[in-house]
Amino acid sequence: MKKVLVLHGPNLNLLGTRQPEIYGHETLEDINNGLFEQAALAGWEIACRQSNHEGELIDWIQGARLDGTAAIIINPAAYTHTSVAILDALNAFEGRVIEVHLSNVHQRESFRHRSYVSLRADGVIAGLGSQGYRAALDAVMAAER
Ligand code: DQA
């Protein structure tokens with residue numbers, strides 16, 4: 001069974017109550033449940049994880065190198081704009097990487113316009129809300145068919 005890992009970075013555990021005018025009303029659990037259903041229908045195994053800690057996200061990315069994970073979908077949240085360490089970890093992963101942002105980061109403060117992760121990502125989706133994760137999952141599953 002093919003495997004995909006979905007990683008959510010800091011503060012995304014607050015989705016639904018965190019600035020809903022920017023990030024929407026769906027909770028992280030709502031988003032993950034939808035992804036589980038979508039993956040199961042296609043016969044894929046999926047793991048969805050969230051952390052507020054950079055090192056934990058890196059440990060999970062490193063784990064994905066060894067356990068046959070075909071693709072990583074990642075919303076690194078604020079670490080997008082700061083983390084060379086997450087970029088380095090993704091550079092050591094050989095599968096597909098899709099970067100997702102709920103909001104259109106390019107319409108926001110200039111510090112959100114730079115993404116270290118985009119230097120590695122095969123695709124980037126921003127501004128589609130939770131639909132962005134579903135589009136990313138479709139894209140990785142289609143690429144492996
Ligand atoms: C975000 C955008 C980031 O700039 C921000 O720090 C987040 C969420 C998004 O999904 O739109 O926490 O990645």
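Each residue takes its place number in the sequence, starting with 1. Atoms within each ligand, like the ligands themselves, are counted from 1 in listed order.
Here NZ of Lys2 is found 13.0 Å from OG1 of Thr69. Values are rounded to the nearest 0.5 Å.
The closest protein non-hydrogen atom to atom 9 (C) of ligand 1 is Leu102 N, 3.4 Å. Protein heavy atom in closest approach to atom 11 (O) of ligand 1: Ser103 OG, 2.6 Å.
Side-chain rings of Tyr133 and His101 stay apart, their centers remaining 6.0 Å or farther from each other.
Geometrically, Arg18 engages Tyr23 in a cation-pi contact, judged by NZ or CZ lying under 6.0 Å from the ring centre and within 45° of the ring axis.
Interface atoms of ligand 1 facing Val105, defined by a heavy-atom separation under 4.0 Å, are 2 (C), 4 (O).
Just one of Arg112, His113, Arg114, Glu109 meets the side-chain contact (heavy atoms from CB on, under 4.5 Å) condition when paired with His81; it is Arg112. A side-chain contact (heavy atoms from CB on, under 4.5 Å) with Ile72 holds for exactly one of Val140, Val6, Val4, Ile61; it is Ile61.
Contacts of Asn75 with ligand 1, taken as heavy-atom pairs under 4.0 Å, involve the side chain alone. Here Arg112 has side-chain heavy atoms under 4.0 Å from ligand 1, and that is the only part of it that gets that close. Proximity of Arg18 to ligand 1, defined as any heavy-atom pair under 4.0 Å, is confined to the side chain (atoms from C-beta onward).
A salt bridge between Asp67 and Arg65 is absent, with no side-chain N of the basic residue lying under 4.0 Å from a carboxylate O of the acidic one.
Nearest to atom 3 (C) of ligand 1 by heavy atom, out of Glu99, His8, His81, is His81.
Ligand 1 has an N or O atom lying under 3.5 Å from an N or O atom of His101, backbone or side chain.
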